[in-house]
Every structure is written in structure tokens, then in C-alpha cells.
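Heads up, the thing below is written out as C-alpha cells.
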Amino acid sequence: GFYDSNFEWMSLKSTQIVITLCSDEKVKRFSISTRLTSLFRICYVSPSDLDSLKIIYHTSFVRVFESRFDILRSNERGPKSDFTISHIHSISNSLIDFYGKACKIHQSQSIIFTPKHLTEFLLQFMRYFSAFADFLIIKNVFVIFIYEIHRVFFDRMNNGLIREEFNEILREVLVKTWDITLTTSDLFQELYFISHSCQDVPSSSLSSDMSDLFYIEPSALRNKLCTILSNYGKEIQTLDIFIFPEVLQHFVQIDRVISKPGGSIMLCGRSGVGRHLTLKLVAFYHRMEILSPMIGKDFQQKHFATLLKTALLRCGCENKRVLLLIEDYQLIDSNFLELIGKIVCFSEFSCIFRRDEYIQLLSSLKDQAS
């Protein structure tokens, strides 16, 4: 039900609410029959404009910073800090201004940006609060802002010309908002941020919370990767991989995603640059079990659904860290993509678990919780 203008409770019974989300008015994926829509009262909620988004995300950034740094509540500066709460306005404005211009890129390309990516940026930005010993320095905040902008937006672009246009837009926005002199080369600093492995944090921290990301020097990252590679060879198998800069970049990009609960990543590009082997090293670093379909002659959708069910049970019921690895040659049926999309995008499991299985799983989880 709901409260009316007089704060009287209005009860609704035998009412069905059907909601559909469309990322853009110009993207028409499925048409709905007028025979269906004629039976409903339709309410259309338009997307928020840029001014509204600035208010929303400025307020969100302020709450996030104040909850983590007590000194910002009094709008004072620490002994080494030159960052104040007034700079949060520059962060939110830069983000929304860039988002507004970046959204125009996808009109001619298959790239769709929505406020979901803004929220992703905000949640990921919180992971860098421990990246430096003195986070509240404008230079450090600025560097992390550019780095995470590249991860959320830049990594989704597979065209060199679009990436050049992207960086020019980002440079113009930063120069205008932050009133600084900036070249395109300044946007490509060699920075690496990595999370702690599960062996470095207590088991109580391995919950639904996202782990923090920490800055690491390239030489230190190379040494860490050599250690991981050596341990992997001792415990599993020897990998013949040469650690060049692209491998380091792949490692931190994959680590950023799969160290987040429920994280998913699609790796595209030319073969031979070490993406597959690097993915195995990151999984080993976090002590994650790798599950992958064993494609055979009679492999069908039911076998693929069983694999997904196994992965979900080990994560949800056994509290195991699992990495589901699916490669292009394993997608022999288009229905596989449908199952993956339902899980990744909507957390929809009804296509995998029956109702009686749901009830049994929920009862076992209740027993564990009690």
C-alpha cells in the first residue's frame, strides 16, 4: 500500500505491479503488445537529467567521505592534507559532466552508459581510501579519480578512435572543473592498485564487503607476481609466462573485478598476451576454485545449467571462493548466453533451481544462520 497526501494508509489488494527498465529511449530491444498494455495503468519515469544527477551523486560522495574521514565533518585540514569537503563538489561535477558527454559516444557505437556506471564508480572509489598513507591529498584523489574513470568507462571501449575521443573529453572536463593544465599523456600514468589475498585478511572479512585496493610500485608488483607464479608452479603446474607490462596491467584489472563479490569480467582481444594465464594466477592469488565447462559431444544446456548450479551452491551455501571461467569455444548454444545474462545482470536463478530446491536450500541456510 501507500500513504496518501493526508498520511492515511491506502491498502492495495489483488494488485500486480509490472516494471520494465529501458536504458535509453533510442534502444528498442523488445516491443510490447498493445493488447497487454491496454490492461494496465502505465506510469513512465524518465531518466534523471544531469543537474539532478549532480545533486544525487554530490550528496552521495559527501556521505561516503564523511563516514570514512572524521576530519571532513568539521571542514578542516589535517597536518598533511590539502583536501577539504569543498573539493567533493569538483569530483561529482567532473564525473557527471564527463558522463553526459560520454553518453553521446554510444549513439553511433554499441556502447551504453547509464547511471548504473556512476554508482559503480562511487562504490569502487571507496575501495581506494586506504590506497595511500595520506589519502586526503588533492593529488592522490585526482590520480585515483582518473584511474577509476578509465576502469569503469575506458575499459569498455574496444575502438582506438573512440578511446582517443574519450580521453580528449576527459581532459577537457578536468581542465574546466579543476582549473589545471593537463595533457592527454598525463591521463596514462603507470599506476597499479591491488587487493590483499585471502591469506592476508581474516576470514571474517571475506564477506559481501568489497576489499580495499592498495597502491603498489611496478617493481613490487612484478616481484609479487613472480612469487605467485613460483608458488603456482609448486602447487599446481609450471606456467611458461613472461612478465611484461601488459601482464601486470591485466593482473590488476582482473584482480580489481574478481576481488569484488559477484564481480564479472569479459576479456576480449588478441591471443597470446597472457590473459588466460593471468586469470589463473589471480584466482590462485585469492585461492579461488576455477570451474569451467568440459565440452564434449553430448554437452547440452542441462549440463551447462548443472555447472552453474554447482558454482552457485559452493558460493552461496558452502561459502567457497569460486571463479567460473567460460571461453568463447564453450558457448556452443546461444541459450548458454541467456543463462549467463540472467545470473550476471539480474541474479535470476529460477531457470536453474526448481522451487523445491529453493525451499531446501533456504532451510539449510536458515539452520546455518541460527
Side-chain angles (χ1 to χ4, degrees), residues 19-29 42-69 72-73 75 83-129 135-136 138 141-157 162-163 165-180 182 187 210 256-257 260 262-264 344-347:
I19 300 176
T20 179
L21 300 178
C22 184
S23 59
D24 193 292
E25 296 180 0
K26 299 179 180 179
V27 179
K28 305 298 183 182
R29 298 182 181 275
I42 300 177
C43 174
Y44 172 73
V45 180
S46 60
S48 301
D49 56 27
L50 295 182
D51 292 335
S52 299
L53 289 176
K54 286 183 179 180
I55 297 175
I56 293 171
Y57 284 96
H58 176 263
T59 303
S60 301
F61 270 106
V62 169
R63 295 291 181 268
V64 166
F65 272 85
E66 286 184 343
S67 64
R68 185 63 179 265
F69 303 104
L72 291 179
R73 297 177 184 175
N75 200 22
F83 184 88
T84 64
I85 201 168
S86 60
H87 290 100
I88 300 179
H89 184 73
S90 299
I91 294 178
S92 57
N93 279 1
S94 300
L95 178 62
I96 303 304
D97 288 342
F98 168 77
Y99 167 78
K101 295 182 178 180
C103 284
K104 299 178 181 179
I105 298 179
H106 78 77
Q107 294 180 358
S108 58
Q109 304 291 332
S110 300
I111 304 173
I112 300 178
F113 294 127
T114 67
K116 167 184 173 293
H117 297 100
L118 298 178
T119 303
E120 178 187 350
F121 178 91
L122 173 62
L123 296 177
Q124 291 284 358
F125 195 84
M126 297 167 58
R127 304 179 66 187
Y128 297 92
F129 285 162
F135 179 82
L136 293 181
I138 294 179
V141 176
F142 187 74
V143 164
I144 292 175
F145 177 87
I146 296 177
Y147 180 85
E148 189 58 29
I149 279 281
H150 277 82
R151 300 288 75 79
V152 175
F153 295 93
F154 186 85
D155 288 349
R156 286 180 166 88
M157 301 178 182
I162 298 180
R163 291 188 172 188
E165 183 180 357
F166 164 91
N167 279 295
E168 184 60 27
I169 291 174
L170 179 59
R171 190 192 67 81
E172 292 176 357
V173 169
L174 294 177
V175 169
K176 177 182 177 182
T177 307
W178 294 77
D179 192 21
I180 58 175
L182 194 67
L187 303 177
M210 292 188 289
R256 169 186 168 275
V257 174
K260 176 184 68 173
S264 60
V344 173
C345 299
F346 310 111
S347 299

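Given the structure is predicted, the values throughout are model-derived calculations rather than measurements. Sequence positions, counted from 1, serve as the residue numbers for this chain.
Not counting sequence neighbours, Arg63 has no partner by the side-chain hydrogen bond (donor to acceptor under 3.5 Å, both in side chains) test. Contacts of Glu172 classified as side chain to side chain contact (heavy atoms under 4.5 Å, CB included), with partners at least two apart in sequence or in another chain: Lys101, Glu168. Applying the side chain to side chain contact (heavy atoms under 4.5 Å, CB included) test to Ile138 and every residue at least two apart in sequence or in another chain returns Asp82, Phe83, His87, Trp178. With sequence neighbours excluded, no residue satisfies side-chain hydrogen bond (donor to acceptor under 3.5 Å, both in side chains) with Ser48. Partners of Lys260 by salt bridge (Lys or Arg N to Asp or Glu O under 4.0 Å), not counting sequence neighbours: none found. Taking the salt bridge (Lys or Arg N to Asp or Glu O under 4.0 Å) definition, one finds that Arg127 meets it with nothing, sequence neighbours left out. Applying the side-chain hydrogen bond (donor to acceptor under 3.5 Å, both in side chains) rule to Ser90 yields no partners; only residues at least two apart in sequence or on another chain are considered. The side-chain hydrogen bond (donor to acceptor under 3.5 Å, both in side chains) check on Ser52 picks up Asp49, with sequence neighbours excluded. Taking the side chain to side chain contact (heavy atoms under 4.5 Å, CB included) definition, one finds that Val152 meets it with His117, Glu120, Phe121, Glu148, Arg156, Arg256, sequence neighbours left out. Evaluation of the side chain to side chain contact (heavy atoms under 4.5 Å, CB included) rule for Thr119 yields Tyr57, Leu123 as partners, not counting sequence neighbours.
With values rounded to the nearest 0.5 angstrom, Phe61 atom CZ is found 13.5 Å from Glu66 atom CD. For the atom pair Ser60 OG and Ile88 CD1, the distance stands at 11.0 Å (nearest 0.5 Å). Within the model, atoms CD of Gln124 and CG of Leu122 stand 10.0 Å from one another, a figure rounded to the nearest 0.5 Å. Taking CD1 from Ile144 and CD1 from Ile91, the interatomic distance works out to 9.5 Å, rounded to the nearest 0.5 Å.
Between Phe154 and Phe166, the ring-plane angle classifies as tilted under the 30° and 60° cut-offs.
Donor-acceptor pairing under 3.5 Å is recorded for the side chains of His150 and Asn167.
Among Val173, Ile55, Leu118, Thr177, the single residue meeting the side chain to side chain contact (heavy atoms under 4.5 Å, CB included) criterion with Ile96 is Leu118. Partner of Arg171 under the side chain to side chain contact (heavy atoms under 4.5 Å, CB included) criterion, chosen from Ile169, Leu174, Val175: Val175.
Taking 4.5 Å as the limit, every side-chain heavy atom of Tyr128 sits out of range of all side-chain heavy atoms of Phe145. Taking the side chain as every heavy atom from C-beta outward, Val257 and Arg151 never approach each other to under 4.5 Å.
The aromatic ring centres of Phe113 and Phe153 sit less than 6.0 Å apart.
Minimum interatomic distance between Ile149 and Phe98 (heavy atoms only, all atoms of both residues): CD1-CD2, 4.0 Å.
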